[in-house]
Colleague: 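Sending over a structure as structure tokens; questions will come in a sec.
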Amino acid sequence: MAEPNGTVENGMVLTLFYKSPVSADVVADSIRHLHSVINKTCEFQQAVLNPYKELEWGDEGVRVVVTTIVSTSADCPDIRTVSKGREVAETEQKFGFEAVFERKNTYDSHRAPGLAVFDMDSTLIQQEVIDELAAAVGVKDKVSAITTRAMEGEIDFTESLKLRVALLEGVPTTVWDDLKESTIKFTPGARDLTKCLKQLGWKMAVLSGGFTPLASWVAHELELDYYHANKL
């Protein structure tokens with residue numbers, strides 16, 4: 001399919017993440033339906049639906065496509081209003097996708113490959129690693145309490161890290177392999193996002209307040225270019 005085009009700034013870019021493999025016909029039908037919903041609910045008059053571009057078949061069977069809707073009218077609807085509309089949600093459910101809305105000028109400004117930097121804990125992965133380490137030696141509640149104090153600004157990060165690490169005495173060296181095998185879960189969509197960015201030529205890094213054994217593993221699993229974390 002042709003790449004999204006159009007030079008009108010008051011337009012939207014729609015990126016659709018399908019939950020399971022779908023045919024080109026389903027993609028076309030769902031985009032047309034979403035387009036009609038947007039016109040109906042937001043009075044996005046004289047809109048032009050451009051051809052879509054297929055970006056990726058994800059590891060979890062998610063097909064990613066992107067298209068633009070540009071308009072000759074004066075204003076572009078508020079993105080948040082459009083994306084949270086009831087009929088948009090019903091369309092997502094009907095056709096089995098999740099839609100991400102962006103202003104076209106914002107999308108265009110990020111099309112040139114750059115550097116994408118991610119946090120690790122509770123971002124690329126669903127866990128807080130230091131809490132899982134603490135659980136291995138029975139001090140998870142104590143470590144979590146220090147984390148809370150740091151998050152509330154009672155103590156700074158460096159002090160909180162020293163206090164938490166001091167409680168980790170006795171953690172077995174096998175803990176890293178145990179975490180990788182049975183505890184650490186990647187956030188849904190993380191693999192698809194990084195795979196798409198890599199295909200588009202972006203460099204990627206994970207910067208973590210956690211520890212290098214997990215950060216290096218996450219970087220390897222997601223094919224990131226760089227990682228930086230603390231050494232125990």
Side-chain angles (χ1 to χ4, degrees), residues 1-73 75-114 116 118 123-124 126 185-202 204 222-224:
M1 290 292 181
E3 186 159 344
N5 50 56
T7 58
V8 181
E9 289 187 0
N10 55 323
M12 290 184 292
V13 173
L14 313 180
T15 305
L16 310 183
F17 295 85
Y18 289 87
K19 297 177 181 178
S20 59
V22 294
S23 68
D25 288 341
V26 171
V27 172
D29 286 345
S30 59
I31 290 176
R32 281 195 295 267
H33 190 88
L34 186 58
H35 177 219
S36 66
V37 166
I38 292 170
N39 271 327
K40 176 182 176 181
T41 59
C42 303
E43 297 182 351
F44 201 37
Q45 299 300 324
Q46 297 179 312
V48 178
L49 178 62
N50 283 305
Y52 68 85
K53 177 184 178 183
E54 300 173 2
L55 287 184
E56 184 59 56
W57 286 89
D59 288 345
E60 300 169 2
V62 179
R63 190 180 193 180
V64 183
V65 300
V66 61
T67 187
T68 57
I69 296 179
V70 297
S71 174
T72 56
S73 59
D75 299 307
C76 178
D78 180 75
I79 296 297
R80 288 171 295 182
T81 300
V82 177
S83 63
K84 296 183 182 299
R86 176 180 58 82
E87 292 191 56
V88 168
E90 291 174 352
T91 302
E92 289 178 313
Q93 183 175 8
K94 177 180 178 179
F95 289 97
F97 65 80
E98 180 179 354
V100 175
F101 294 73
E102 297 176 90
R103 285 189 177 275
K104 188 175 185 303
N105 54 3
T106 301
Y107 177 84
D108 287 344
S109 69
H110 290 89
R111 291 186 70 185
F118 301 94
T123 304
L124 291 177
Q126 299 180 54
K185 304 297 182 186
F186 284 98
T187 300
R191 290 186 184 274
D192 295 309
L193 173 61
T194 54
K195 190 171 184 178
C196 281
L197 287 173
K198 191 173 187 67
Q199 181 185 7
L200 293 171
W202 283 68
M204 294 174 288
L222 299 181
E223 298 186 48
L224 308 183

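Numbering starts at 1 and runs along the sequence shown.
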Colleague: Compare every heavy atom of Gly201 with every heavy atom of Pro113, then report the nearest pair and how far apart it is.
Modeller: CB-O, 3.2 Å
Colleague: Would you call Glu90 and Lys94 a salt bridge, using N to O less than 4.0 angstrom?
Modeller: no
Colleague: Considering all heavy atoms of both residues, which atom of Thr194 and which atom of Leu222 are nearest to each other, and what is their separation?
Modeller: OG1-O, 3.8 Å
Colleague: NE2/His33 to CD/Glu92 distance, rounded to the nearest 0.5 angstrom?
Modeller: 11.0 Å
Colleague: Rounded at 0.5 Å granularity, tell me how far NZ in Lys195 sits from CE in Met204.
Modeller: 11.5 Å
Colleague: Between Arg32 and Asp29, does at least one N-O distance fall below 4.0 Å, as a salt bridge requires?
Modeller: yes
Colleague: Side-chain contact, heavy-atom cut-off 4.5 Å: Phe97 with Val22?
Modeller: no
Colleague: Give, for atom CZ of Phe17 and atom CG of Leu193, the distance between the pair rounded to the nearest 0.5 Å.
Modeller: 7.0 Å
Colleague: Nearest heavy-atom pair of Trp202 and Ala116: which atoms, and what distance?
Modeller: CE3-N, 3.8 Å
Colleague: So, using salt bridge (Lys or Arg N to Asp or Glu O under 4.0 Å) as the criterion, who are the partners of Glu98 when residues are at least two apart?
Modeller: none
Colleague: Within a strict 4.5 Å, meaning less than it, do heavy atoms of the Thr187 and Phe118 side chains meet?
Modeller: no
Colleague: Provide the closest heavy-atom pair for Tyr18 versus Val27 in the form atom of the first, atom of the second, distance.
Modeller: OH-CA, 3.5 Å
Colleague: Can you check side chain to side chain contact (heavy atoms under 4.5 Å, CB included) on Ile31 and Leu16, steps first, answer last?
Modeller: CA-CA 9 Å; Ile31 290 176; Leu16 310 183; 3.6 Å; yes
